[in-house]
Amino acid sequence: MTALLEIRDLKAEIAGKQILNGYDLTVKAGEVHAIMGPNGSGKSTLSYVLSGRPGYKITEGQALLAGADLSQMSVDERAAAGLFLAFQYPLEVPGVATMTFLRAALNAQRKKRGEEEMSSPDLIKRVKELAKILDMDMEMLRRPVNVGFSGGEKKRAETLQMMLLEPKLCILDETDSGLDIDALKVVSNGVNQLRSKDRGIVVITHYQRLLDYITPDVVHVQSAGRIVRTGGKELALELEETGYARYQSEAA
Amino acid sequence: MAAVQETVEQVRRVGADQYKYGFVTDIESDLAPKGLSEEIVRFISAKKNEPEWMLEWRLEAYRRWLTMTEPKWARVDYPAIDYQDLYYYAAPKSKAGPKSLDEVDPELLRTYEKLGIPLHEREILAGVERPEGEERPRVAVDAVFDSVSVATTFKEELKKVGVIFCPISEALREHPELVRKYLGTVVPASDNYFATLNSAVFSDGSFVYIPPGVRCPMELSTYFRINEKNTGQFERTLIIADKGSYVSYLEGCTAPKRDENQLHAAVVELVTLDDAEIKYSTVQNWYPGDENGKGGIYNFVTKRGDCRGANSKISWTQVETGSAITWKYPSCVLRGDNSRGEFYSIAISNGRQQVDSGTKMIHLGKGTTSRIISKGISAGRSSNAYRGLVSAHRKAEGARNFTNCDSLLIGGACSAHTIPYIEAKNPSCMFEHEATTSKISEDVLFYCMQRGLSQEDATALVVNGFVRDVLQQLPMEFAVEAQKLISVSLEGSVG
């Protein structure tokens with residue numbers, strides 16, 4: 001069976017500076033992977049390289065989503081193919097109601113996949129269900145995308161988008177940053193509902209805390225632009241004890 | 001959202017040829033000889049069977065115009081206009097004044113049909129879909145083709161409530177006392193170079209009178225179409241809202257694609273008496289010229305409203321996407337105590353378009369208030385300037401203004417300028433000015449695209465969000481039209 005995400009010896013740079021140095025990672029459908037590591041180890045870079053953010057350039061190696069070469073696809077094609085990035089700092093889109101945005105995104109993806117668009121009543125119904133799970137006020141969805149949202153509200157909104165779009169591969173970039181404990185529980189609950197045998201989830205985080213709620217199948221330690229250690233969920237606990245210091249020196 | 005999708009589809013349909021109104025109607029025209037002279041002014045006046053005083057008024061304007069020079073202060077650049085190389089009168093040949101729609105040349109009806117403008121009263125404006133069962137709003141239309149009005153709909157029905165809606169040439173014959181009382185009282189014949197030229201040679205336009213206490217039962221609108229080559233269009237619109245009345249009026253404009261530039265120098269005058277309100281909306285889509293700046297309309301327009309009565313209100317809303325050059329400052333003279341002026345503007349420039357537009361809010365009366373919301377979007381190699389004046393007279397006790405000017409830049413070859421003037425001669429007035437200039441954010445586009453939107457869709461979404469405050473001011477039917485227009489205008493501006 002083809003892996004959902006297959007990264008082989010990936011090297012990538014920003015403005016001529018190499019950040020990823022021979023990255024290898026395989027995520028199969030149904031798995032939840034956690035990528036942990038010190039600040040500056042290139043965790044966010046990985047998520048941007050995979051999603052195709054302008055300025056992030058693959059120089060060597062490959063990243064395949066369900067066998068398809070990501071480097072050959074535009075940002076929106078990658079999204080339609082099922083790659084979703086939950087941003088560490090979700091962007092504001094002034095003047096565009098969240099509901100409008102959700103409809104535009106969902107139907108753009110469906111159209112690209114040759115699927116039927118979702119009707120407005122169906123969409124509203126679905127969004128209402130999701131908002132309930134995430135303990136969000138529908139009033140918030142009438143407001144412009146992320147404008148004036150608190151840190152916690154942004155992460156909820158991000159999770160709602162992810163749940164609505166039902167991607168094949170979810171990448172969560174430091175979703176726990178800026179969340180209080182209650183919001184963390186609510187968001188984790190949303191993510192856990194997305195766990196399925198057809199879907200892969202990559203959780204990028206600095207702290208073990210999030211993994212108390214989203215239990216990973218595999219934990220990786222990333223340092224200086226590549227994975228330096230892989231283990232089970234107990235590895236996260238160990239890191240909480242020992243910190244990243246030894247990996248930083250190892251990488252250096 | 002549906003609108004954004006429609007927008008995108010529209011963009012695709014339009015394809016490479018962005019300006020879909022660029023066709024020419026093949027129709028025989030009555031042209032006055034080329035050039036400008038007293039004879040031409042007399043010719044136009046005679047064609048319209050105008051009263052003697054009107055001819056005198058025109059001639060006086062013409063003589064004054066000869067002594068004036070073209071203004072050069074705007075941030076626009078164009079080769080000198082040869083005023084002797086223009087036709088000042090062009091009218092489709094037809095029997096003298098069609099009495100009903102059945103008598104209008106079918107070629108003309110087809111033209112308006114193609115433009116999506118209904119001249120049959122049972123039809124509504126194209127492009128507007130409503131849920132079934134919901135009543136379709138009716139819009140009365142005055143269609144001006146080159147120098148003459150070819151049809152005005154719903155006249156009879158409007159007449160029942162006392163509303164006069166007709167071509168200004170007809171008003172001069174049938175309601176001379178009203179025209180004479182108000183014409184040139186807001187924009188005097190000597191006002192500025194282009195307005196003075198217009199006063200001498202204006203050929204047609206719309207006249208509206210709303211009697212006291214009447215709320216006009218439908219939207220009124222005028223569609224201007226320039227068809228003939230080398231023809232200047234000089235229309236004149238005069239709208240009077242008598243005490244306690246209300247009217248919402250919309251103008252739309254298109255022109256064929258031609259390699260030569262065409263001059264459009266219109267004058268619009270609005271008058272509101274005590275407690276009256278006029279809401280004036282414009283969707284301006286004149287041919288903007290090609291991407292190298294060849295052809296397009298020179299839109300040199302003087303629009304001004306006079307809140308003559310206490311508690312009256314004038315609101316200008318404009319969506320400007322067309323024209324090679326736009327020089328236009330819809331303004332309000334807030335004469336009546338507690339009167340209110342509003343200006344909501346979206347000005348989009350792409351290609352080589354040049355826009356110098358804004359407003360003037362002249363506070364004369366006590367307790368007068370005004371609000372200015374201007375959204376400028378520049379793309380391509382265009383230049384887009386907001387120029388505005390907010391002033392308070394010594395007697396304008398407690399005058400207040402709020403101004404917000406936002407500019408959005410798309411790409412690295414365009415420019416945006418904000419030139420606000422504020423003059424307060426009364427210490428109790430309060431004027432606020434906010435302005436921002438931003439580039440369309442790569443990060444926001446990336447965010448939208450990561451959710452599945454193409455670059456074009458993402459840009460349309462961001463831009464529609466940027467102009468939302470102003471779009472909300474438009475009558476619903478036209479908001480949809482305007483939203484489509486915005487995306488079409490910006491097509492090819494990213495990437």
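Numbers restart at 1 for each chain; the letters A, B, ... are given by sequence-line order, proteins then strands.
For a residue to count as touching a neighbouring chain, one of its non-hydrogen atoms must lie under 4.5 Å from one of that chain's; by this rule B/Arg451 touches chain A with backbone and side chain alike. Looking at A/Pro90, both its backbone and its side chain come within 4.5 Å of chain B, counting heavy atoms on both sides.
B/Lys375 forms a cation-pi arrangement with B/Phe466, by the criterion of a distance under 6.0 Å to the ring centre and an angle within 45° of the ring axis.
A side-chain contact (heavy atoms from CB on, under 4.5 Å) with B/Arg340 is found for one member of B/Met361, B/Arg400, B/Arg371 and no other, namely B/Arg371.
In terms of heavy-atom pairs under 4.5 Å with chain B, the best-connected choice from A/Arg78, A/Arg53, A/Glu92, A/Gln109 is A/Arg53. Per-residue heavy-atom pair counts under 4.5 Å with chain B were compared for A/Leu165, A/Leu102, A/Leu106, A/Leu83, and the maximum is reached by A/Leu83.
Atom CE of A/Met36 and atom CD of A/Gln222 lie 12.0 Å apart (nearest 0.5 Å).
Annotation for A/Gln88 and A/Ser44: closest pair OE1-OG, 3.6 Å, computed over non-hydrogen atoms.
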